[in-house]
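By convention here, the first residue in the shown sequence is residue 1.
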Amino acid sequence: MEGKSKDLPVSGDSIRRRFIDFYASRGHKVLPSASLVPDDPTVLLTIAGMLQFKPIFLGQVPRQVPRATTAQRCIRTNDVENVGRTSRHHTFFEMLGNFSFGDYFKKEAIRWAWELSTVEFGLPADRLWISVFEDDNEAFEIWHDEMGVPVERIKKMGEDDNFWTSGVTGPCGPCSEIYYDFHPERGYSDTDLNDDTRFIEFYNLVFMEFNKKDDGSLEPLKQKNIDTGLGLERMARILQKVSNNYETDLIYPIMEKTSELAKVPYGLADDHSKLNLKIIGDHLRAIVYLISDGVVPSNIGRGYVVRRLIRRAVRTGRMLGIKGDGQGNLEGAFLPVIAGKVIELSTHINPDVKDRTPRILEELKREELKFVQTLERGEKYLDQMLVEALLSAKASGTVPRLSGKDAFLLYDTYGFPVEITAEVAEERGVSIDMTGFDIEMENQRHQSQAAHSAVKLAMGNSAELTKDVPDTKFLGYETLSATAIVESLILNGNPVLQVSEGSEVEVLLNRTPFYAESGGQIGDHGFLYVPQGENQHKSVMEIIDVQKSMGNIFVHKGTIREGVLEVGREVEAAVDAKLRQRAKVHHTATHLLQSALKKVIGQETSQAGSLVAFERLRFDFNFHRPLIDDELAEIERLVNKWVGDATPLQTKVMPLADAKGAGAIAMFGEKYSEEVRVVEVPGVSMELCGGTHVSNTSEIRGFKIISEQGIASGIRRIEAVAGDAFIEYVNARDYHMKQLCSTLKVKAEEVTTRVENLLEELRITRNEASTLREKAAVYKASIMATKAISVGTSEKFRVLVESMEDTDADSLKKATEYLIETLEDPAAVILGSCPGADKVSLVAAFTPGVVQLGIQAGKFIGPIAKLCGGGGGGRPNFAQAGGRKPENLSNALEKARSEIISVLSEKAK
């Protein structure tokens, strides 16, 4: 059965749907794509379809379903320089996958992959080639004997190509790949499956059947898994019969929009212009989906990835000739225009993107315009650097090379990602000293992250420690105390059976009333008691933190205060009720704050992080400017109104799809199961949330914002207090106000006026004192003028180099101005002083007669200031400088005296 694809649409959307439907009809649970921001700390971004299933493959969490299928959005930037240059490399792509968690294995995976390819998508069987691991005879036989693939089209390949490993240790296994042959007429001799001009690999089947041990040996896995990936863009290229992935309907409309702005039709464009159109088509997809998933441009981590892509796209657009927004507004931005097309195509990839359109476009506009401000200057500076590098290399007969220091200057001052600098330099035949760049970067920024190109599945120690421990049953929604059994004790990272007084230990219980840190809310505090008799305790453990590990196992961290604690012992677990209440108050207040923000500054704002602590709450959100006082006041007013309304909260558990359909907001960074908990303040807020909350908004009592500030580009942070923390904050402020009133002897409402008057009086007094100091300095200078010496024979130069002890910088300047006006032209005056500890001030002033000789005050004073541990400069006739080493002033002035006399004597001849 072939040719089915001729009778069905072959759009990218239809390929995705048909893949999912194919596996759904074979018992696979259809699961949504995970966010591009993964839970896994070992990877920066979601780079593979299997990433969301990593805990299942590791055996850290039980499987929820035996088999699943997904269309996963992925980002990889390790090959960004190949984007557009090859037919298949992308930063953003979709990986269609089918997965088995200890259910079916090789035979079914191979049979269904073949059926999908040849029947569902109608690919000619004689155009499909297969690769298998050289020692995987089982897979070879299934392909040949059962699927009927000729031996000539099955290639045995080595470990580098066809054995998948997750890391140094951990799950691994052979893999098998399906390739499409664009040129079967070339025959079977000397075929190379890595020949991109003939073959494209579109489907990879990983047979996860071994665990790699520390010594490198392989042991069979108890649960054998299947992990597959079919590249949507690659299959679209095959079925749509185009020459590269970019010309499929998944990307071509974006390039078409770019062509329209650049006035360069794709079909008529030269190779270089086509390359640039492909780069923008690719990068805009990555950028839009990254921003949609909450990644904000910055200089570290994920933020640097999206900033680098944006700036690369901006520069590429300029190379295409796009000016302004490409539609006549030279002050506008063009990326939002192209992003509109990406968003238009997003319906079946991620429907949430359209809801986030305002934020995506605003972020793109702001980032593009900010980069354009420095781009032109940076391009001119880079061009100058490259010209100098080429000329220097030609003169010395060496290879042209740009220093790491210059590359870093472009990065730090002009915002040029070093990758862009390298690309431009390469176009001109100049290499870059990357080692030098890395050194400069390390000196300024000690924290940097880079995208990983592989998902690590190595078994950690925590997996071993908890492998026989069941999930912890959480009782904390209903009660603050409960009896429980100690399942495990961990001391210094190792399991023990008993711990004694003074030990800092981690305890795993079979059930607990303690809330474990998640969703921004910190873990509960409290105690574990081992009862001895009525109202007596045999041992006591203080709990100071609770964390989740390996899925849903609660780890209680604390110190044994009394007695001994043993595995298997029954304990009384008691949460600190007062601290829990403070956390509940702050968590519900956080929900109210988010609703108030959306009402005041716009629905497009969204959460970017949060902290719910006992003493305060912190809420990070996407917004492009500081909030004004009136907005903050309105937010406070709304929250306190809702608190005063005394609204009972409603908590429900429902399917995730139903919750989203009802309008529930998902909390930032959280991963949800199919059944979710929805916390609602009727008429005000509805959020997916597993945290603890008050039962009625009146329990919050009061709400106060204590700060609002920017923490990154496009990210603002509000800190606030509520409940007891609110009362404590108000009482503290009231105490300080009373102290201030007592000191100033005024009423509270008069404090502002009184302070303003005092500040004005202080300003006037300081000005008077400054005037007096300047007059005193001028008086000293008038006496000092007699110390001026004459230099030269035919023309006399008046020179005065002196110290004015502790005179401040402004007064020193006045004194110098007085002297240069008093002494006849030509004259040179150089004064120095030590106005404070570790502080040096220097001033140099030259009359026109001295400047005409080519002696400039700005250039003269700099080296003198360096002797005092500082620097400075200024105009040819007047310059100021400073330093940090007063002990060197005397020698510095002596050096200045000898040099000015020497140079004037030489000029006078």
Side-chain angles (χ1 to χ4, degrees), residues 36-38 43-48 51 72-95 196 231-234 244-246 250-251 254-255 258 271-291 293 295-320 335 338-339 342 364 367-368 371 375 378 382 402 407-408 410-411 415-428 430-432 434 437-438 441 448-455:
L36 289 173
V37 179
V43 287
L44 199 62
L45 295 162
T46 297
I47 58 174
L51 190 61
Q72 176 62 53
R73 305 186 301 277
C74 299
I75 292 281
R76 291 185 190 172
T77 58
N78 51 311
D79 288 328
V80 68
E81 69 279 357
N82 288 326
V83 169
R85 297 182 186 277
T86 71
S87 63
R88 58 183 175 83
H89 279 96
H90 303 289
T91 57
F92 176 90
F93 58 95
E94 287 186 80
M95 189 63 75
D196 282 353
L232 175 60
E233 291 79 8
R234 298 183 183 198
N244 56 73
N245 296 2
Y246 298 93
L250 296 166
I251 304 175
I254 307 168
M255 297 197 301
T258 308
D271 288 344
H272 189 66
S273 294
K274 283 186 177 180
L275 168 64
N276 289 333
L277 289 168
K278 290 173 183 176
I279 289 172
I280 292 180
D282 169 88
H283 286 12
L284 260 293
R285 294 212 303 166
I287 292 163
V288 164
Y289 287 101
L290 281 168
I291 295 176
D293 279 355
V295 181
V296 177
S298 71
N299 284 335
I300 59 173
R302 301 179 185 101
Y304 180 64
V305 172
V306 72
R307 172 164 284 172
R308 172 187 170 192
L309 293 175
I310 288 173
R311 293 186 168 184
R312 200 167 187 258
V314 171
R315 179 179 175 269
T316 303
R318 290 170 65 90
M319 290 169 64
L320 280 167
L335 291 187
I338 302 171
V342 180
L364 269 173
E367 187 70 12
E368 178 181 344
F371 181 47
L375 182 60
L382 174 57
L402 193 67
F408 180 75
L410 285 163
Y411 166 81
F416 268 61
V418 68
E419 297 84 2
I420 290 181
T421 302
E423 285 181 19
V424 179
E426 184 182 355
E427 291 167 4
R428 302 278 288 277
V430 179
S431 63
I432 291 183
M434 286 305 301
F437 174 84
D438 291 339
M441 177 68 84
S448 63
Q449 299 177 9
H452 297 279
S453 58
V455 180

Side chains of Asn276 and His272 in contact at under 4.5 Å (non-hydrogen atoms): yes
Salt bridge (Lys or Arg N to Asp or Glu O under 4.0 Å) against Arg428, all qualifying residues, sequence neighbours excluded: Asp383
Min side-chain heavy-atom separation Thr91-His283 under 4.5 Å: yes
Close side-chain approach of Glu367 to Arg311, heavy-atom, < 4.5 Å: yes
Side-chain heavy atoms of Val424 within contact of Arg315, under 4.5 Å: yes
Inter-residue atom distance Thr77.OG1 - Arg302.CZ, 0.5 Å rounding: 12.5 Å
Asn245 side chain near Asp282 side chain, heavy-atom distance below 4.5 Å: no
Inter-residue atom distance Ile279.CD1 - Met319.CE, 0.5 Å rounding: 7.5 Å
Sidechain-backbone polar pair: Arg73 side chain, Phe92 backbone, donor-acceptor under 3.5 Å: no
Check: Leu335 main-chain N/O paired with Glu368 side-chain donor or acceptor under 3.5 Å: yes
Over 12 foreign heavy atoms within 6.0 Å of CD, Glu426: no
Arg234 side, atom CZ; Glu94 side, atom CD - distance, nearest 0.5 Å: 14.0 Å
Distance (rounded to the nearest 0.5 Å) between Ile287 CD1 and Arg312 CZ: 10.5 Å
Closest heavy-atom pair and its distance - Arg76, Phe93: NE-CZ, 3.6 Å
Heavy-atom side-chain contact between Leu290 and Leu45 under 4.5 Å: yes
From CA spacing to verdict: side-chain contact (heavy atoms from CB on, under 4.5 Å), Leu51, Gln72: CA-CA 9 Å; Leu51 190 61; Gln72 176 62 53; over 6 Å; no
Short N-O contact, Arg88 and Glu233, less than 4.0 angstrom: no
Sub-4.5 Å side-chain heavy-atom contact between Thr258 and Leu284: no
Trace of the side-chain contact (heavy atoms from CB on, under 4.5 Å) decision for Met255 with Ile280: CA-CA 7 Å; Met255 297 197 301; Ile280 292 180; over 6 Å; no
Distance, nearest 0.5 Å, that separates CG of Leu402 from OG1 of Thr421: 7.5 Å
Results of side chain to side chain contact (heavy atoms under 4.5 Å, CB included) for Ser298 - residues two or more places apart only: Ile300
4.5 Å side-chain heavy-atom contact, Val295 and Leu36: no
